[in-house]
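Below is one structure, written out as structure tokens, with a few remarks after it.
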Amino acid sequence: MGAAETRPEVMRLLVADDERRILDLFTEILAPSDDILDGLDGLGAGHAVQEQSFELTLCRQGEQAVAAFQAAAAENRPYAVAFVDVRMPPGRGGLAAAEEIRAIDPWVQIVVVTAFTDVDPVTIARRVPPADKLLYIQKPFHPQEIMQFATSLCAKWRAERDFKALKSRLETLVYERTAALASANRKLTREMEERERVTHLIESAKREWEGTFDSVQDLVVVIGRDCAVRRLNLAMAHRLGLAPRDVVGRPCSFVFDAEDKPGERSADILEMTDGRYHSREIAIPRLHGEFLITSSPLTHADDAPLATVFVAHDITERKNLERRLRQSQKMEAIGTLAGGIAHDFNNILGIIMGFAEMIEGEAPADTPLARRVGHILAACRRARDLVLQILSFSRQNDQEANHLRVGPLVRETLKLIRATVPNTIAITEMIKPGRDAILAEPSQIQQIIMNLCSNAAQAMRETGGILEVGLEEMAAGNCPLPGESGLADCLHLWVRDTGPGIAPDILERIFDPFFTTKKPGEGTGMGLSVAHGVVRKYKGEIKVKSQPGRGATFDVYLPLAANAPDEPAVPVADPAMGRGRILLVDDEQALADIGRELVESLGYKVVAQSDPKQALALFRNDPAAFDLLITDQNMPGLTGAELAKAALALRPELPVLMLTGFSETMSKEGARAIGIRDLLLKPVLRRDLATAIEAALRPGA
């Protein structure tokens with residue numbers, strides 16, 4: 001045999017026959033020890049060179065054969081083929097042995113050998129199944145037939161064995177692969193469940209984030225690198241009056257710029273998209289307010305810029321409060337300044353008016369001198385009223401709504417306005433007779449008039465024109481008041497100008513806070529808004545009518561007060577002459593002198609003092625020497641109130657009059673509380689002073 005050839009596997013065979021010669025024959029055929037039979041009985045030369053080697057086990061009884069199979073099974077050295085004779089006396093027959101062998105080894109190939117025909121093949125097949133592992137041969141047989149049976153059946157047995165092993169391996173592989181697939185499937189199932197859980201968490205977090213994003217009351221908008229809106233919250237969408245989907249994708253200017261002013265605010269906003277954090281206060285008319293805007297860069301995981309998040313916190317109310325505070329501070333400063341100069345200014349006016357009244361009393365009637373003095377007194381009275389108006393306006397405080405006559409208030413306010421508008425603007429009054437009492441605070445109604453007139457004057461500052469302010473009573477049914485107020489009578493106040501008018505496209509926006517057509521620094525856009533707010537506070541209505549080039553008219557309608565008390569008319573009479581002794585005290589020597597002359601011209605005897613301490617010493621020496629004490633309030637060393645208290649302590653029934661140009665610490669109520677009969681504001685006219693003296697000296701006063 002060549003080196004490359006592999007030796008065939010030795011197959012185990014069992015032969016069971018009770019005749020010794022048959023067993024020897026099987027040995028010579030299947031496991032010859034030499035070539036003695038070579039060429040006999042038709043065997044060719046190839047018999048000497050067997051392709052298959054056999055290991056024979058020879059048994060003469062069926063019991064031996066069964067025992068051999070049992071031993072083979074125990075050793076795990078199975079037989080491939082068993083040749084079993086049917087008749088093997090004296091023991092059990094071959095069929096019984098074959099049945100037990102089949103029970104021991106179901107895979108062995110059994111060949112039944114018999115010399116008789118008393119056992120038919122059907123019976124053999126029935127007793128020793130299965131049919132595919134059972135053959136039948138009769139004696140005498142040919143050697144070549146035995147060799148062919150042995151070779152073929154061994155090949156068949158080997159093939160079935162290999163198939164069984166392969167099947168077992170395949171089953172093992174299938175089991176292992178199935179187990180691996182099952183494991184992979186379980187792992188994939190767990191991964192899918194985990195992915196589903198993570199997806200649910202992501203969706204839940206997304207919904208929670210979107211809910212949080214939309215619940216923020218500040219205005220939030222995300223601007224991409226292309227300057228377009230990527231996202232906005234509901235607060236921003238509601239402020240714009242649009243659905244979020246109608247804004248996403250629009251340019252930044254759509255959110256921040258008014259339609260007629262492109263780039264006005266978006267340029268400032270885009271300056272804050274440089275990848276850094278910013279915070280800035282910006283007034284945005286498009287969003288109807290002032291805002292504290294913060295910008296925060298939004299980046300990818302690798303810090304690459306993605307977008308910018310803008311958060312706009314509405315500070316309109318805070319800014320309004322700040323403006324009102326600044327306005328209040330301005331008014332307080334004006335009041336402080338006015339109060340500081342009012343005393344001295346009124347003293348100067350008092351001197352001028354006092355001497356002018358004395359000259360008027362001595363000048364013949366219908367002479368140039370009398371006319372000139374009359375002009376001087378008229379100018380002094382106008383100056384006095386102007387100072388009183390400044391003091392009153394600068395000392396505005398929150399007051400309770402009381403019955404207020406608007407006609408006199410309009411006239412007083414127009415006096416202030418006349419001093420502030422250019423001479424190219426003429427002011428006309430159209431105050432018609434009728435009821436004019438409402439329930440309101442004087443300062444707030446005055447604020448309406450001032451704001452409307454200021455707006456009209458601004459419109460005519462370059463061209464000049466006529467500013468008309470009117471007032472009239474209107475019957476119920478003609479009053480465009482809101483709600484049930486429209487069923488009552490109302491007061492109609494109007495302010496009309498002959499300026500350039502208001503463009504139709506902005507007519508509906510003029511009452512919006514911060515809306516203004518003025519240049520920067522000329523206005524805040526709050527005047528008309530404040531007037532609108534005050535009118536609505538008193539359940540009124542304000543309307544505007546205008547055409548370009550034909551001026552504008554603002555109409556204010558306010559409910560009239562029911563059963564408003566009428567102010568009693570005060571008759572004007574010439575000053576009466578009196579008798580008595582008066583102590584007059586004023587730290588201004590000129591005023592003391594003129595006061596003495598004025599009071600003496602009324603028939604009284606007067607002692608004038610410019611030092612309150614000397615006046616008190618004089619009064620202490622003889623408290624009964626004077627019938628009346630007239631004292632200034634603001635005096636160095638001893639105030640008029642302190643002088644009055646000291647004098648009243650000495651003589652409680654003494655009539656006392658107090659004069660003051662300005663005093664924050666003394667009012668009519670405060671003066672009467674300490675026993676002073678009346679408090680007169682400087683400069684005092686001769687007629688008013690005479691009336692006050694007469695009232696103080698009247699018996700029983």
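Start at 1 with the first residue, then count along the sequence.
Looking at Asp593 and Gln589, their side chains do bring a donor and an acceptor atom within 3.5 Å of each other.
The neighbour count for Arg318 CZ, taken as heavy atoms of other residues, nucleotides or ligands under 6.0 Å away, is above 12. Other residues, nucleotides and ligands place no more than 12 heavy atoms under 6.0 Å from the CZ atom of Arg550. The number of heavy-atom neighbours closer than 6.0 Å to CG of Asp366, taken from other residues, nucleotides and ligands shown, is 12 or below.
Under the salt bridge (Lys or Arg N to Asp or Glu O under 4.0 Å) test applied with Asp555, the options Lys545, Lys543, Arg496 reduce to a single match, Lys545.
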Please step through side-chain contact (heavy atoms from CB on, under 4.5 Å) for the pair Ile445 and Ile448, ending with a clear verdict. CA-CA 5 Å; Ile445 301 302; Ile448 295 174; 4.2 Å; yes

Derivation and outcome, side-chain contact (heavy atoms from CB on, under 4.5 Å), residues Asp678 and Arg672: CA-CA 7 Å; Asp678 201 358; Arg672 288 168 182 162; 3.9 Å; yes

Carefully, step by step, assess Trp494 and Glu472 under the rule side chain to side chain donor-acceptor pair (under 3.5 Å). CA-CA 9 Å; Trp494 72 87; Glu472 65 179 350; over 6 Å; no

Let me see the working for Asp587 and Asp611 under side-chain contact (heavy atoms from CB on, under 4.5 Å), right down to the final yes or no. CA-CA 6 Å; Asp587 62 310; Asp611 187 343; over 6 Å; no

Going through the distances and angles, do Gln633 and Thr639 end up as a side-chain contact (heavy atoms from CB on, under 4.5 Å)? CA-CA 5 Å; Gln633 163 61 8; Thr639 66; 4.2 Å; yes

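In this structure, Leu584 and Arg596 have side chains that are not in contact, with every pair of non-hydrogen atoms separated by 4.5 Å or more. The closest side-chain heavy-atom distance from Leu409 to Arg405 is not below 4.5 Å. A 4.5 Å side-chain heavy-atom check between Ile630 and Ile693 finds at least one atom pair inside the cut-off. Taking 4.5 Å as the limit, some side-chain heavy atom of Met450 sits within range of a side-chain heavy atom of Thr413. In this structure, Leu467 and Cys453 have side chains that are in contact, with non-hydrogen atoms separated by less than 4.5 Å. For the pair Tyr604 and Leu628, the minimum side-chain heavy-atom distance is 4.5 Å or more. Side-chain contact between Leu493 and Ile449: present, with at least one pair of heavy atoms (C-beta onward) separated by less than 4.5 Å. When side chains are defined from C-beta on, Leu618 counts as touching Leu583, because their heavy atoms get closer than 4.5 Å.
No side-chain donor-acceptor contact under 3.5 Å links Arg435 to the backbone of Asp489. In terms of modelled atom types and a separation under 3.5 Å, the side chain of Asp436 and the main chain of Gly407 share a donor-acceptor contact. Without hydrogens or angle criteria, Ser601 side chain to Leu598 main chain gives a donor-acceptor distance under 3.5 Å. Judged by distance alone, the side chain of Ser610 and the main-chain N or O of Asp586 form no donor-acceptor pair under 3.5 Å. Ser546 places no side-chain N or O within donor-acceptor distance of the main-chain N or O of Gly501, the cut-off being under 3.5 Å.
Expressed to the nearest 0.5 Å, how far NZ of Lys432 lies from CD of Glu473 amounts to 11.5 Å. To the nearest 0.5 Å, the span separating CG on Leu654 from CG on Leu648 amounts to 6.0 Å. Going from atom CG of Leu616 over to atom CG of Leu629 covers 9.5 Å, rounded to the nearest 0.5 Å. Going from atom OH of Tyr557 over to atom CG of Leu491 covers 11.0 Å, rounded to the nearest 0.5 Å. To the nearest 0.5 angstrom, Arg686 atom CZ is 11.0 Å from Thr691 atom OG1. Annotation: the span from Ile348 atom CD1 to Leu591 atom CG amounts to 9.5 Å, rounded to 0.5 Å.
Under the 4.0 Å criterion applied to side-chain N and carboxylate O atoms, Glu441 and Lys537 are assigned as salt-bridge partners. Arg581 and Asp622 are not joined by a salt bridge, as no carboxylate oxygen comes within less than 4.0 angstrom of a charged side-chain nitrogen. Salt bridge status for Glu642 with Lys645: absent, with no side-chain N to carboxylate O gap under 4.0 Å. Taking a cutoff of 4.0 Å between a charged side-chain nitrogen and a carboxylate oxygen, Lys682 and Asp632 qualify as a salt bridge.
Contact record, Pro612 with Val585: CA-CG1, 3.9 Å, taken as the closest heavy-atom pair. The minimum heavy-atom distance linking Gly640 with Thr631 is given by the pair CA-OG1, 3.6 Å. Of all heavy-atom pairs spanning Leu602 and Ala690, the tightest one is CD1-CB, 3.5 Å. Of all heavy-atom pairs spanning Leu439 and Tyr538, the tightest one is O-CD2, 3.7 Å. Taking every heavy atom of both residues into account, Leu650 and Arg620 meet most closely at CD1-CG, 3.3 Å. Across all their heavy atoms, Met460 and Ile425 have their closest contact at CE-CG2, 3.7 Å.
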